[in-house]
Amino acid sequence: QKEVEQNSGPLSVPEGAIASLNCTYSDRGSQSFFWYRQYSGKSPELIMFIYSNGDKEDGRFTAQLNKASQYVSLLIRDSQPSDSATYLCAVNGYGNNRLAFGKGNQVVVIP
Amino acid sequence: EPEVTQTPSHQVTQMGQEVILRCVPISNHLYFYWYRQILGQKVEFLVSFYNNEISEKSEIFDDQFSVERPDGSNFTLKIRSTKLEDSAMYFCASSPRTGTDTQYFGPGTRLTVL
């Protein structure tokens with residue numbers, strides 16, 4: 001049973017600051033890692049994916065993966081009020097199709 | 001940009017009734033999925049579907065659930081005899097291939113069982 005943990009409570013950040021979100025996963029065989037954004041009552045929307053150890057940047061978002069520590073993170077730079085949402089970490093493994101999701105981290109950007 | 005679409009957006013049904021949730025995956029995608037999210041809880045995998053058959057299913061996907069691709073575009077989830085605990089958002093997703101591919105989600109169907 002794959003477990004994905006996102007343990008931080010709601011994160012409040014001032015507009016323009018950096019929001020940092022963390023996720024750990026239990027299945028060492030996990031191959032691909034995703035961050036989705038979910039607004040209240042809406043569906044998950046892909047923000048980023050990462051497959052290899054290290055950093056991956058896309059605009060204001062940076063994903064970081066450390067497979068040895070089974071840890072993936074997301075940084076949101078220059079946070080905007082529109083970034084206020086729940087961020088879901090999702091993981092899947094080699095040879096299977098299911099995404100295992102964490103509970104999500106709520107981010108509130110304060111203008 | 002191609003999107004996954006789902007109908008209806010909201011379905012209200014009586015306990016014990018059958019419901020069919022419909023999805024149109026992105027046209028050149030090969031793998032299709034159903035997930036559900038009970039209010040306030042994690043998104044949970046139900047089933048994946050490839051080449052007209054189930055490729056993987058979770059322990060949630062018991063005999064009351066079935067999936068079908070009745071034609072070249074639609075992908076359906078049927079719940080045979082709904083229970084109160086089936087009330088949730090149901091999301092369809094599709095991906096170009098499998099395994100590590102990104103899954104793109106539809107807007108969801110909110111199912112309310114009374």
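Remember, predicted model here, so these are calculated numbers, not experimental data. All chains are named by letter (A, B, ...) in the order of the sequence lines, taking the proteins before the strands, and each is independently numbered beginning at 1.
Only the side chain of A/Gln38 has a heavy atom closer than 4.5 Å to any heavy atom of chain B. Only the side chain of B/Gln37 comes within contact range of chain A, with at least one heavy atom under 4.5 Å from a heavy atom of that chain. For chain B, no part of A/Phe33 is nearby; none of its heavy atoms comes within less than 4.5 Å. If you measure heavy-atom distances from A/Lys42 to chain B, the contacts under 4.5 Å come from the backbone alone.
Ranked by heavy-atom pairs under 4.5 Å with chain A, the list B/Gly40, B/Gly108, B/Ser58 is led by B/Ser58.
Shown here is B/Glu3, whose CD atom has no more than 12 heavy atoms of other residues, nucleotides or ligands within 6.0 Å.
Side chains of B/Gln103 and B/Tyr35: a donor-acceptor N/O pair is present below 3.5 angstrom, by distance only. Side chains of B/Asn51 and B/Glu53: no donor on one and acceptor on the other come within 3.5 Å.
Checked against a 6.0 Å centroid threshold, the rings of B/Tyr50 and B/Tyr31 count as neighbours.
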(request) Determine, step by step, whether B/Gln17 and B/Thr82 satisfy the side-chain hydrogen bond (donor to acceptor under 3.5 Å, both in side chains) criterion, reporting the C-alpha distance in whole Å, the side-chain angles of both residues, the deciding distance to 0.1 Å, and the verdict. (result) CA-CA 6 Å; B/Gln17 295 298 302; B/Thr82 50; over 6 Å; no
